[in-house]
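Model, not experiment: these values are computed from the prediction.
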Amino acid sequence: MKTAKVIHLTSVHSAFDTRIFLKECKTLVTAGYEVILIVPHDRDELVAGVQINAVFRPKSRRERMVKTVWQVFKKALDEDAEIYHFHDPELILLGLILKIKGRAVVYDVHEDVPRDILSKSWIAESLRLTISWMAERIENFAAQHLTAIVTATPFICDRFSKLGCHAVNVNNYPILSELYLPHLDGVQKERAVCYVGGIADIRGIFEMVEAIGQTDTKLFLGGKFLSANQRERAAAMSGWANIKELGQLNRNEVAETLAKSMAGLVLFHPELNHINAQPNKMFEYMSAGIPVIASDFPLWKEIIEGNDCGICVDPLNPRAIAEAIQRIVEHPDEAKRMGENGRKAVEDKYNWEKESETLLKLYSNLI
């Protein structure tokens, strides 16, 4: 029997993106598919059974929209595969062209794009509403003409299902074995909490720095700042003295950071694209067996408080954040119990192993 060939396409994400490479592409390889990933990268290479076909790695957003997108277009059209699976809204035109050519085309929607645009600082505030409206119309039109939509949250899936699309939800839950490693069991906890991910004002960096400055605790800060200006502002705050800046971390370094932390922070601001999101880091903290201190959005409270695995607070209130941090570090037994509850919840329901079944069923139906 001929092996089915599938191609994943991105002009935005890195070659080893957690959702695209580690989860989806590797799952498909294990299931017997021939998988090609067209992605900005330094070179063509075969990694874990996934054939990475490199395109131009941009230095700016403008270069990406012109050079990188064009190269992804060209390489995709040169291939002959059963399924094309793209991950960025800027590739919608390519998806429609491939569909017209008779291919099965899947659009993987990671974010609620129209709502996400409303909080993009690089777009002039006066233009955001108009651009958001246009983006939603384009996305809705395309979705109704593509073969299938894969979404990262139930909220996004519901939006496309109401349009009559073939939409399936594949949550971005953690791989069970990735961040909970036996050799880390003996790692000594420090009097510290952590945040790992993209660092920006709307993701709560200034509230986190102010809050940690009101405690006698350290904050392990892993990831890249959205802008140099935001880093300068954060570093000028008095709470910065309690920050241990780690920079961009690989997956092993993420696991090690979580293992020595007493809790993980995910304190996004109440933007429209955050309230119904399911941030990967929330579940990664749970997977690593540490409590979560999270924004008090209804959906997040349902997950965190419903599984008794952390504390939800007003993300705009540094005093409340500081009190939650102090509660965790001063009550290690309670923190341990919450961490164990979170890990159990991941083992029972919030894991990639369960989510991958939905992806494989979709692919089987398309083939």
Side-chain angles (χ1 to χ4, degrees), residues 12-14 16-19 58-61 64 110-111 115-123 152 172 174 179 190 192-215 217-258 260-275 277-286 288 290 292-295 297 300 310 313-318 320-322 324-325:
V12 174
H13 300 275
S14 68
F16 305 114
D17 177 85
T18 302
R19 179 176 176 86
K59 295 188 174 95
S60 67
R61 190 174 292 110
R64 190 189 83 212
H110 298 202
E111 308 282 350
R115 262 54 64 186
D116 192 38
I117 287 170
L118 295 175
S119 58
K120 292 290 188 188
S121 60
W122 53 271
I123 299 176
N172 206 22
L179 297 174
E190 297 189 30
V193 294
C194 69
Y195 171 84
V196 178
I199 306 170
D201 51 357
I202 62 171
R203 293 190 168 205
I205 181 57
F206 299 121
E207 288 80 10
M208 286 190 284
V209 174
E210 184 175 342
I212 206 69
Q214 299 176 26
T215 73
T217 305
K218 286 187 293 185
L219 171 61
F220 296 134
L221 187 63
K224 292 175 64 176
F225 273 83
L226 176 68
S227 70
N229 174 263
Q230 289 196 9
R231 189 197 176 281
E232 289 172 8
R233 287 171 56 198
M237 298 172 66
S238 60
W240 190 258
N242 290 24
I243 301 290
K244 184 172 183 181
E245 190 175 13
L246 305 175
Q248 193 71 40
L249 303 176
N250 62 38
R251 299 304 286 173
N252 284 336
E253 290 168 337
V254 170
E256 290 166 2
T257 300
L258 301 189
K260 62 186 179 182
S261 301
M262 295 193 70
L265 308 183
V266 52
L267 295 160
F268 291 5
H269 286 189
E271 303 283 336
L272 284 176
N273 61 310
H274 288 163
I275 291 171
Q278 293 183 157
N280 194 32
K281 61 182 59 59
M282 177 193 299
F283 298 103
E284 290 186 343
Y285 298 152
M286 293 166 62
I290 62 174
V292 184
I293 299 175
S295 303
F297 308 149
W300 295 19
V313 297
D314 178 355
L316 304 179
N317 185 338
I321 298 169
I325 293 171

(request) Check whether any side-chain heavy atom of Met208 sits under 4.5 Å from a side-chain heavy atom of Leu219, and report yes or no. (result) yes
(message) Do Ile243 and Val209 make a side-chain contact, defined as non-hydrogen atoms from C-beta onward lying under 4.5 Å apart?
(response) yes
(message) Using modelled atom types and a 3.5 Å cut-off, is there a donor and acceptor pairing between side-chain atoms of Ser295 and backbone atoms of Phe268?
(response) yes
(request) Find the distance between CD (Glu271) and CZ (Arg115) and round it off to the nearest 0.5 Å. (result) 13.0 Å
(message) For the CZ atom of Arg251 and the OG1 atom of Thr18, what is their distance to the nearest 0.5 Å?
(response) 4.0 Å
(request) Could you go through the side chain to side chain contact (heavy atoms under 4.5 Å, CB included) check for Leu258 and Cys194 one step at a time? (result) CA-CA 7 Å; Leu258 301 189; Cys194 69; 3.5 Å; yes
(message) Closer than 3.5 angstrom, by distance alone: can the side chain of Tyr285 be matched with the main-chain N or O of Leu265 as a donor-acceptor pair?
(response) yes
(message) Distance check, rounded to the nearest 0.5 Å: Phe206 atom CZ versus Met237 atom CE?
(response) 7.0 Å
(request) Would you name the heavy atoms of Phe297 and His269 that are closest together and state the gap between them? (result) CZ-O, 3.5 Å
(request) Taking Glu253 for its side chain and Asn250 for its backbone only, find out whether a donor-acceptor pair lies under 3.5 Å. (result) yes
(message) With heavy-atom distances below 4.5 Å as the criterion, would you say the side chains of Thr217 and Met262 are in contact?
(response) no
(message) Would Phe225 and Glu245 count as a side chain to side chain contact (heavy atoms under 4.5 Å, CB included) here? Give the steps.
(response) CA-CA 11 Å; Phe225 273 83; Glu245 190 175 13; 3.7 Å; yes
(request) Flag the pair Val266 / Trp300 as yes when at least one side-chain heavy-atom distance between them is below 4.5 Å, and no otherwise. (result) yes
(message) Using 0.5 Å steps for rounding, measure from the CG atom of Leu272 to the CD1 atom of Ile117.
(response) 12.5 Å
(request) For residues Ile321 and Pro315, report the shortest heavy-atom separation together with the two atoms involved. (result) CD1-O, 3.7 Å
(request) Looking only at non-hydrogen atoms, find the nearest pair between Ala294 and Leu267 and report the distance. (result) C-CD2, 3.8 Å
(message) Is there a side-chain contact between Glu256 and Leu249 in this structure, where contact means two heavy atoms from C-beta onward sitting under 4.5 Å apart?
(response) no
(request) Check Phe220 against Glu190 and note the closest heavy-atom contact, atom names and distance. (result) CZ-OE1, 3.5 Å
(message) Donor-acceptor pair, distance only, cut-off 3.5 Å: does the side chain of Asn242 make one with the backbone of Ile212?
(response) yes
(message) Measuring from atom CD of Glu284 to atom CD1 of Ile290, what distance do you get when rounded to the nearest 0.5 angstrom?
(response) 10.0 Å
(message) With a 4.5 Å cut-off on side-chain heavy atoms, are His110 and His13 touching?
(response) yes
(message) Using side-chain heavy atoms (C-beta onward) and a distance below 4.5 Å, is Arg203 in contact with Lys281?
(response) yes
(request) Taking the side chain as every heavy atom from C-beta outward, state whether Ile202 and Leu226 have any pair of such atoms under 4.5 Å apart. (result) no
(request) Show the numbers, then the answer: is there a side chain to side chain contact (heavy atoms under 4.5 Å, CB included) between Gln230 and Ile199? (result) CA-CA 9 Å; Gln230 289 196 9; Ile199 306 170; over 6 Å; no
(request) Give the C-alpha distance, both sets of side-chain angles, the deciding distance and a yes or no for side chain to side chain contact (heavy atoms under 4.5 Å, CB included) between Glu207 and Glu210. (result) CA-CA 5 Å; Glu207 288 80 10; Glu210 184 175 342; 5.8 Å; no
